[in-house]
There are 2 protein chains.
Amino acid sequence: MPSKCINVEDWLNALDASGFRMTAVQETLIDIFAHSDFPLSAEQAWHVARQSRPKTGRATVYRMVEKLENLGLIRRVHGYQGCSHFVPTLPELMMLFICQSCGRADYLDSQPLQDLIHQSEDSSGHHITDSRLQLFGVCTSCQENA
Amino acid sequence: MPSKCINVEDWLNALDASGFRMTAVQETLIDIFAHSDFPLSAEQAWHVARQSRPKTGRATVYRMVEKLENLGLIRRVHGYQGCSHFVPTLPELMMLFICQSCGRADYLDSQPLQDLIHQSEDSSGHHITDSRLQLFGVCTSCQENA
DNA sequence: GATTTATTGATACTCAGTATCAATAAGCAT
DNA sequence: ATGCTTATTGATACTGAGTATCAATAAATC
Ligand SMILES: [Mn+2]
Ligand SMILES: [Mn+2]
Ligand SMILES: [Zn+2]
Ligand SMILES: [Zn+2]
């Protein structure tokens, strides 16, 4: 679902621009994360990676996930059963919806959240530098197929 | 900071009403979570508990944390370095602010969030049943002491 | 192509969280 | 109060996600 919005080239360029060497594992893992319909854990990504590159190391995947997260290309999903799954980051879209029925992630317009944050900043006095809004429920298609 | 709003009696009553037996560990742990100035992990709570009850078992603390979370008395903080810390749940106050400087948690008025959720529900078509908004930044007192 | 060095992958390790189970003690009945 | 039943505890062993290590590999630059 997010896949159509992600440009694999951009991710490779971002890694390149950050001074990292271009390797085969990078392309494999970027492809996996960019095209998954579901949030993926490093462990899951490892298993997927080994289907096309059987000797892929576990630590390598964890290292790559860390890189991608640090570069802001993927972001952690804070769900009920832990926070070890990742989805691609869509620029300007901070609000994440997770369907409790099918597990898929959807990105919602985050302008209302921006407004809320400024509002809360003014009323609380705290300086807010970052936010994570996680929404849970039943997605439109799961409502239809119910 | 949240401590002044938490009534230990209420928590004990909630556990009692749920059919759990009243034990000494319960009181100890409830006291620890209800009066901590900072989000606490089960591990941290265990260490604190052992100061007053040295033979407190580790598993016991994890089981109690699970109970308290299931009853909605404490809630998980989804922070940068994992989501294994807990704060007391304040009724009707869902928005959580964590100061990156001093680590303290603050609760913000959640009415704006309620509005945002209904708005997003209408525009996305998803049925939203739950939400977690986590705000990060620098609290008012840390801004003064800077 | 040779050199340099970041990256990889196999292995061993850590440690938060969990399963097990005998010992304990809360709740209830007498 | 006393004993009975059974939930809860705590010691121990275990699990498994995540990490440290390090020799082997392969980008990058010349
Ligand atoms: Mn989390
Ligand atoms: Mn602002
Ligand atoms: Zn769905
Ligand atoms: Zn602070």
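Just so we're on the same page: letters track the sequence lines, and every chain starts at 1. Keep in mind that this is a model prediction, so the values were computed, not measured.
No hydrogens or angles considered: nothing links the side chains of Asn70(A) and Glu66(A) as a donor-acceptor pair under 3.5 Å.
Between His78(A) and His78(B), the two ring planes are perpendicular [angle over 60°; tilted spans 30° to 60°].
Look at Tyr62(A) and you'll find a side-chain N or O under 4.0 angstrom from OP1 or OP2 of dG18(D). Remark: Arg50(A) is not in phosphate contact with dG9(C), judged by side-chain N or O atoms under 4.0 Å from OP1 or OP2.
Distance check, rounded to the nearest 0.5 Å: CG of Leu133(B) to CG of Leu116(B) gives 8.5 Å.
Of the possible donor and acceptor atoms, none in the side chain of Thr28(A) sits under 3.5 Å from a partner among the backbone N and O of Ala49(A). Of the possible polar contacts, one joining the Asn13(B) side chain to the Glu9(B) backbone as a donor-acceptor pair under 3.5 Å is found. Of the possible donor and acceptor atoms, one in the side chain of His126(B) sits under 3.5 Å from a partner among the backbone N and O of Thr140(A).
Rounded to a whole Å, the CD atom of Glu43(B) is 11 Å from the P atom of dT18(C). In this structure, CG of Leu15(A) is placed 10 Å from P of dT8(C), rounded to the nearest angstrom. dG18(D) atom C1' lies 11 Å from atom CZ of Arg76(A), rounded to whole Å. Here the C1' atom of nucleotide dA16(C) and the CD atom of Gln44(B) are 12 Å apart, to the nearest Å. The distance from atom CZ of Phe86(A) to atom P of dA17(D) is 14 Å, rounded to the nearest whole Å. Look at NZ on Lys55(B): it is 15 Å from C1' on dA22(C), rounded to the nearest Å.
Across Pro88(A) and Ile6(A), no two heavy atoms sit closer than the pair CB-CD1, 3.5 Å. Between Val61(A) and Leu29(A), the closest heavy-atom pair is CA-CD1, 4.0 Å. Counting all heavy atoms, side chain and backbone alike, Arg21(A) lies closest to Gln26(A) at O-NE2, 2.6 Å.
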Distances under 3.5 Å between nitrogen or oxygen atoms of protein and nucleotides 4-8 of chain D:
residue	atom	partner	partner atom	Å
dT6(D)	O2	Arg21(B)	NH1	3.2
dT6(D)	O2	Arg21(B)	NH2	3.3
dA7(D)	O4'	Arg21(B)	NE	3.3
dA7(D)	O4'	Arg21(B)	NH2	3.2
dA7(D)	N3	Arg21(B)	NH1	3.3
dT8(D)	OP1	Arg21(B)	N	3.4

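Relative to the axis of its first five pairs, the axis of the last five pairs of the helix from dG1(C)-dC30(D) to dT30(C)-dA1(D) sits at 50°, rounded to 10 degrees.
Summary of the strand contacts: Ala24(B) and Glu66(B) both lie near DNA chain C, and taking for each the nucleotide with the nearest heavy atom, the more 5' one is attributed to Glu66(B).
As judged by a 4.0 angstrom heavy-atom cut-off over every strand, Ser84(B) is placed among residues touching the sugar-phosphate backbone only.
Put simply, the side chain of Arg58(B) and the base of dG10(D) share no donor and acceptor less than 3.5 Å apart.
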